[in-house]
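Read the structure below first, then the notes.
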Amino acid sequence: MPQSLEDAKSKLSAKYLGKCGVHGVGIVRDQQAVRFEVDERVTEVERELLGKLLDEARQEAHPFKVIANIEPRANTYQ
């Protein structure tokens, strides 16, 4: 069990960043949650796996929440 919200974010970031469209991991303090930024352009297989990934991350983050923000990833290569 993580000792703090920052600890939970650090552990989840190390484990899940770059998987199933997760391209960012942050904190939402007022919700006591770790937020995964997820690219909406993931494949169907990745989308199915994302659900399992989030369930696993929620167990690991307890007592903190894990939420997913699924939206288009910003194009930084212009």
Side-chain angles (χ1 to χ4, degrees):
M1 177 163 60
Q3 299 295 314
S4 68
L5 189 54
E6 290 79 9
D7 184 37
K9 176 199 172 261
S10 179
K11 288 179 181 179
L12 295 178
S13 180
K15 186 169 183 179
Y16 297 110
L17 192 59
K19 295 182 180 175
C20 297
V22 176
H23 61 87
V25 179
I27 291 176
V28 182
R29 292 191 192 285
D30 63 340
Q31 295 182 33
Q32 288 293 289
V34 175
R35 181 178 64 212
F36 284 7
E37 298 294 336
V38 182
D39 189 342
E40 73 175 1
R41 297 172 293 180
V42 296
T43 66
E44 285 300 315
V45 171
E46 287 175 317
R47 192 170 295 271
E48 287 179 27
L49 292 174
L50 179 61
K52 294 175 186 176
L53 179 147
L54 290 172
D55 288 342
E56 185 178 304
R58 287 180 178 121
Q59 289 178 0
E60 292 178 31
H62 185 77
F64 304 108
K65 298 175 189 173
V66 173
I67 56 177
N69 183 34
I70 301 173
E71 60 185 27
R73 188 171 183 180
N75 184 1
T76 57
Y77 303 104
Q78 294 185 14

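- Between Lys19 and Glu46, every side-chain heavy-atom pair lies at or beyond the 4.5 Å cut-off.
- A distance of 11.5 Å separates CG in Leu50 from CD in Glu44, rounded to the nearest 0.5 Å.
- Closest heavy-atom contact between Val66 and Ala61: CG2-CB, 3.6 Å.
- Between the CG atom of Asn69 and the CZ atom of Phe36 there is a distance of 12.5 Å, given to the nearest 0.5 Å.
- Checked against side-chain hydrogen bond (donor to acceptor under 3.5 Å, both in side chains), Lys15 has the following partners two or more places apart in sequence or in another chain: Glu56, Glu60.
- Listed by chain and residue number, Leu17, Val25 satisfy the side-chain contact (heavy atoms from CB on, under 4.5 Å) test with Ser13 (two or more places apart in sequence, or in another chain).
- Residues satisfying the side-chain contact (heavy atoms from CB on, under 4.5 Å) criterion with Ile27, sequence neighbours excluded, are Leu5, Glu6, Lys9, Arg29.
- Every salt bridge (charged side-chain N to carboxylate O under 4.0 Å, His left out) that Lys11 has, sequence neighbours left out, goes to Asp7.
- In this structure, the salt bridge (charged side-chain N to carboxylate O under 4.0 Å, His left out) partners of Arg58, at least two apart in sequence or on a different chain, are Asp55.
- Residues passing the side-chain contact (heavy atoms from CB on, under 4.5 Å) test with Ala68, sequence neighbours excluded: Val38, Leu54, Ile70.
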